[in-house]
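Let me begin by presenting the structure, written as structure tokens, before commenting on it.
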Amino acid sequence: INLVDAQKPNSQQPKHLVVFMFLRHPVLVYFVLVLLSRCVVSFLPRQVSRSTARCPLKISTTPTTPHSTAPISPAHENITHIDSQEQPYISLSSLAGKLQGLVKTVATSLLHLDVTEEELNSSYLVHQGVTTPILLRAPSVGSFSLVRGWTDTSLESFTKTVTNVVTSNPILTGRAVSIFCGNRGNEIHVIPGAFDPDSGYSFVDVIDGRDRLPSPEAVKESEYLQYIDEHIQPLVPDPCAPTLKQMEHKEALFRTKVVLLPDQYACIFIGMSHILGDIVTYTALMDQLSSLHDARKPRPIKWNNAKQASHQISAENFSERDTQVMYGLPFLLGVSANLWRKTNREHEYLSLSKEKINAKRKELCSEENSSLSSNDIITAAMCEANKSSDIFAFTRTMRELHRKEYKDMGGNLYVEVPFAKTAGSNPNDFRQLIKRGWYYDKNELPLMPFLTGKVGRITSCVAPVSVHMAFGESETVCQEPPHDFVYMTPFDNAVIFTMDHDHIGVMHNFQEIDKSGLLGEIMA
């Protein structure tokens with residue numbers, strides 16, 4: 001156990017370093033260059049006419065000296081020579097493809113990979129394909145849980161259980177590397193054993209704040225979110241570190257921290273790199289922690305599956321054009337536009353009443369949707385309240401559609417489904433959208449909202465509080481995701497999460513929000 005003294009948190013965080021942070025990370029520069037080159041290839045025509053693309057070059061494979069009778073050596077058979085007598089046309093997309101290959105070759109040298117063949121053969125292939133750069137930049141999945149009744153026995157039990165979970169899932173002991181594989185693009189591998197608990201590495205860091213932090217005992221239950229946000233989260237550095245940063249600094253992809261508080265309180269942070277999996281994978285790990293603590297047989301998680309690695313998070317009905325609009329150059333331009341408005345974005349936690357939400361579910365359900373979920377009501381309320389985006393996207397897990405095939409499988413098995421904000425403002429319309437599986441048909445995704453940065457995301461992390469187990473005599477009283485999940489995001493973002501037994505929380509960074517409608521009716 002690594003014991004660290006708590007320091008006074010700095011309430012003022014820098015907000016103007018995004019561009020400089022980008023330039024400091026060669027890995028990020030690499031993926032942006034590759035992404036831009038892919039955009040050039042996809043948007044250029046496959047061929048151009050002779051009248052618009054004439055070139056005074058002729059490519060041939062004749063020897064340099066036409067009258068020479070000497071045989072051509074095998075080493076020189078593929079050398080091309082120039083003849084200026086004819087003027088055929090060339091393909092711009094072909095040149096762009098060459099440029100893309102050159103960019104990859106040059107930029108790959110920035111990665112300084114130190115991976116042996118033996119390590120690569122024993123590694124987990126976790127992702128490959130077009131959406132790999134998106135996942136590498138995605139924030140880690142994590143949560144803070146405030147517990148009371150925490151003792152030394154609780155800490156010992158927690159440490160032992162975490163070690164058992166890590167041992168049962170060797171991928172958690174690994175570090176991530178990016179491998180360039182030619183036409184297949186980039187592959188992300190996790191090399192296990194980089195952080196080995198048997199060699200003395202501890203996955204539990206303990207921060208002793210009992211003499212320096214105020215006691216949660218004197219805090220009202222309605223103020224627990226603010227207490228964790230102000231006093232606990234600043235003590236955990238970079239809780240939402242993206243995989244790119246973890247690769248650059250060779251950091252562990254799974255980690256936990258325990259902040260000891262006065263009056264037998266503690267706050268537990270558990271974080272997992274997004275490259276390992278989505279919120280469903282994270283919840284499965286939490287279930288394993290609970291099962292092992294209670295001496296129950298944990299449900300295994302399947303790793304290193306080919307379908308897991310090749311799955312793309314773009315919607316299944318997307319065309320190449322739609323994928324480039326949502327994840328390519330238009331999206332990057334919109335994000336860049338939002339960076340200049342980032343100073344106006346502050347994260348906020350909203351506390352919603354489960355009782356009021358259930359009442360709204362019964363009131364608003366229609367003949368087509370006899371049963372609305374809490375997520376339907378909250379998503380509609382957030383869409384209606386938002387005044388700064390035109391399109392939102394929600395995450396849809398593929399495990400519901402492929403239950404047998406994807407059962408107990410880890411990884412990022414979800415897709416992002418964009419929809420018009422107006423369509424999501426009605427709970428019944430949103431429920432129909434979920435049943436259908438998509439909103440925009442192929443090639444109908446509008447371009448302008450992405451160019452102007454008016455595109456947001458709503459993520460649901462609603463899960464039973466029992467997912468966060470109680471160790472010893474302790475019990476969970478409140479939980480929340482790290483505010484870094486939305487704090488550094490240059491577009492509208494909201495996360496729905498279970499706060500406690502009576503409340504559901506929403507963390508957001510909306511540029512403009514109006515709480516007078518449905519959202520105001522369900523707030524605690």
Side-chain angles (χ1 to χ4, degrees), residues 1-2 21 24-31 34 107-129 131-142 159 162-181 184-205 236-257 269-278 281-282 284-285 288 301-306 308-309 410-412 482 484:
I1 298 176
N2 303 322
M21 290 169 61
R24 284 172 49 202
H25 297 291
V27 180
L28 176 57
V29 175
Y30 161 69
F31 282 109
V34 171
T108 302
S109 63
L110 299 174
L111 295 177
H112 304 294
L113 295 178
D114 54 347
V115 182
T116 66
E117 184 176 354
E118 182 180 357
E119 289 177 328
L120 194 60
N121 291 335
S122 63
S123 67
Y124 295 84
L125 175 59
V126 292
H127 201 73
Q128 60 184 354
T131 55
T132 297
I134 304 298
L135 284 177
L136 285 173
R137 287 301 300 165
S140 294
V141 183
T159 305
V162 168
T163 303
N164 289 337
V165 169
V166 170
T167 303
S168 302
N169 301 274
I171 192 173
L172 301 181
T173 68
R175 65 181 180 94
V177 296
S178 176
I179 308 294
F180 176 60
C181 300
R184 300 201 310 271
N186 278 79
E187 294 181 351
I188 307 303
H189 292 252
V190 174
I191 302 174
F195 306 91
D196 189 0
D198 293 334
S199 300
Y201 183 84
S202 175
F203 283 88
V204 180
D205 286 340
V236 179
D238 216 354
C240 291
T243 306
L244 276 175
K245 182 175 181 180
Q246 294 169 329
M247 289 168 55
E248 181 181 355
H249 298 284
K250 298 182 180 180
E251 298 174 347
L253 304 178
F254 178 78
R255 57 177 175 153
T256 69
K257 291 184 181 292
F269 168 75
I270 302 176
M272 179 195 75
S273 174
H274 211 318
I275 203 66
L276 294 180
D278 49 23
T281 306
Y282 180 82
L285 285 174
Q288 285 196 357
I301 302 175
K302 299 176 183 177
W303 306 97
N304 214 22
N305 186 284
Q308 165 196 339
N412 292 285
D484 280 13

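These numbers come from the heavy atoms of this one structure, side chains and all, not from hydrogens, waters or symmetry mates. For clarity, every value in this text was computed on a predicted model and none was experimentally measured.
- Here the side chain of S122 pairs a donor or acceptor atom with the backbone of E118 at under 3.5 angstrom.
- Applying the side chain to side chain donor-acceptor pair (under 3.5 Å) test to D238 and every residue at least two apart in sequence or in another chain returns K245.
- You'll find the side chain of L136 reaches within 4.5 Å of the side chain of I188, heavy atoms only.
- Nearest approach of D484 to P239, heavy atoms of both residues: OD2-CD, 3.4 Å.
- Residue L285 forms a side-chain contact (heavy atoms from CB on, under 4.5 Å) with just one option from L172, I270, L276, and that option is L172.
- Taking NE2 of H189 as the start and CG of L120 as the end, the distance is 5.0 Å to the nearest 0.5 Å.
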Quiz item: Between D196 and Y201, does a side chain to side chain contact (heavy atoms under 4.5 Å, CB included) hold up when you go through it step by step?
Solution: CA-CA 6 Å; D196 189 0; Y201 183 84; 5.7 Å; no
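- Minimum heavy-atom separation, N304 to S123: ND2-O, 3.9 Å.
- Scanning all heavy atoms of the two residues, the minimum distance from T163 to P197 falls at CG2-CB, 4.2 Å.
- The NZ atom of K250 sits 9.5 Å away from atom CZ of F195, with the distance rounded to the nearest 0.5 Å.
- T173 and P170 make their closest contact through OG1-O, 2.6 Å (heavy atoms, listed as atom of the first residue, atom of the second, distance).
- Between V166 and F254, the closest side-chain pair of non-hydrogen atoms falls below 4.5 Å.
- At distances below 3.5 Å, not a single donor-acceptor pair connects side-chain atoms of T256 with backbone N or O atoms of F269.
- The shortest heavy-atom contact between S273 and T243 is OG-OG1, 2.9 Å.
- Side chain of N412 to main chain of H274: a donor-acceptor pair is present (N/O by atom type, distance under 3.5 Å, no hydrogens or angles).
- Rounding to the nearest 0.5 Å gives a distance of 4.0 Å between OG of S140 and CD of Q246.
- Although no hydrogens or angles enter the test, the distance criterion places no donor-acceptor pair under 3.5 Å between the side chain of N169 and the main chain of I301.
- The CG atom of D205 sits 3.5 Å away from atom NZ of K257, with the distance rounded to the nearest 0.5 Å.
- To the nearest 0.5 angstrom, R175 atom CZ is 12.5 Å from E251 atom CD.
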Self-check item: S178/M247 under side chain to side chain contact (heavy atoms under 4.5 Å, CB included): CA gap, chis, key distance, verdict
Solution: CA-CA 8 Å; S178 176; M247 289 168 55; 3.5 Å; yes
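- Note that CG of L253 and CD1 of I275 are 9.0 Å apart. Values are rounded to the nearest 0.5 Å.
- Counting only distance, with no hydrogens or angles, the side chain of T281 and the backbone of G411 share a donor-acceptor pair below 3.5 Å.
- Remark: the T167 side chain and the N164 side chain contain no N/O donor-acceptor pair separated by less than 3.5 Å.
- In plain terms, the two heavy atoms of P482 and C240 that are nearest each other are CB-SG, 3.6 Å.
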